[in-house]
Amino acid sequence: GIMHKTPAVERARCDGMIFQCYCSAATAAVSLAVWALASTEALTLHSGSFAFGVLFAMFWITSQVMGFYAVRFAGFAIAASVWNGVTICTSFVWGVFVFGTPLRHPPGAACAL
């Protein structure tokens, strides 16, 4: 997000899209390290985990590119507000309808959305 506007990054004259690629690679590496350290199971790669990884990567890259252009066209405050709202709604839909997480209080969930 806003990190590509820091003075150090601006002095480096790094293109925002390239900087975002560096941030995405760092996020993937840290996520893998946390997964490896926190996992109680052996790290295994099978077709299901690979498919979800590819799906997540496609969503991640698409959202980062769209976020980059949203900040450029709408400004950081408006763009971040919109994509945070979309993220919350998307997470809710995935949790309830895809993964079957039960709702403890549907009226509260409706108000929160």
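Computed from a predicted model, the values in this text were never measured in an experiment.
Under the 4.5 Å side-chain criterion, counting only non-hydrogen atoms from C-beta, T27 is in contact with W60.
The heavy-atom pair separating A79 from V71 by the smallest distance is CB-N, 3.8 Å.
Annotation for I78: atom CD1 does not count as buried by contact number, only 12 or fewer foreign heavy atoms lying within 6.0 Å. The environment of F99 atom CZ is dense: over 12 non-hydrogen atoms of other residues, nucleotides or ligands sit within 6.0 angstrom.
Both L113 and V96 belong to a common hydrophobic cluster when Ile, Leu, Val, Met, Phe, Trp and Tyr are linked at side-chain heavy-atom distances under 4.5 angstrom. A continuous path of hydrophobic side-chain contacts links F56 to V65 [ILVMFWY only; heavy atoms under 4.5 Å]. No chain of hydrophobic side-chain contacts below 4.5 Å, direct or via other Ile, Leu, Val, Met, Phe, Trp or Tyr residues, connects F73 to V82. The cluster map of Ile, Leu, Val, Met, Phe, Trp and Tyr, joined by side-chain heavy atoms under 4.5 Å apart, puts I88 and V93 in the same cluster.
Side-chain atoms of S63 and W83 form no donor-acceptor pair, as typed in the model, at a separation below 3.5 Å.
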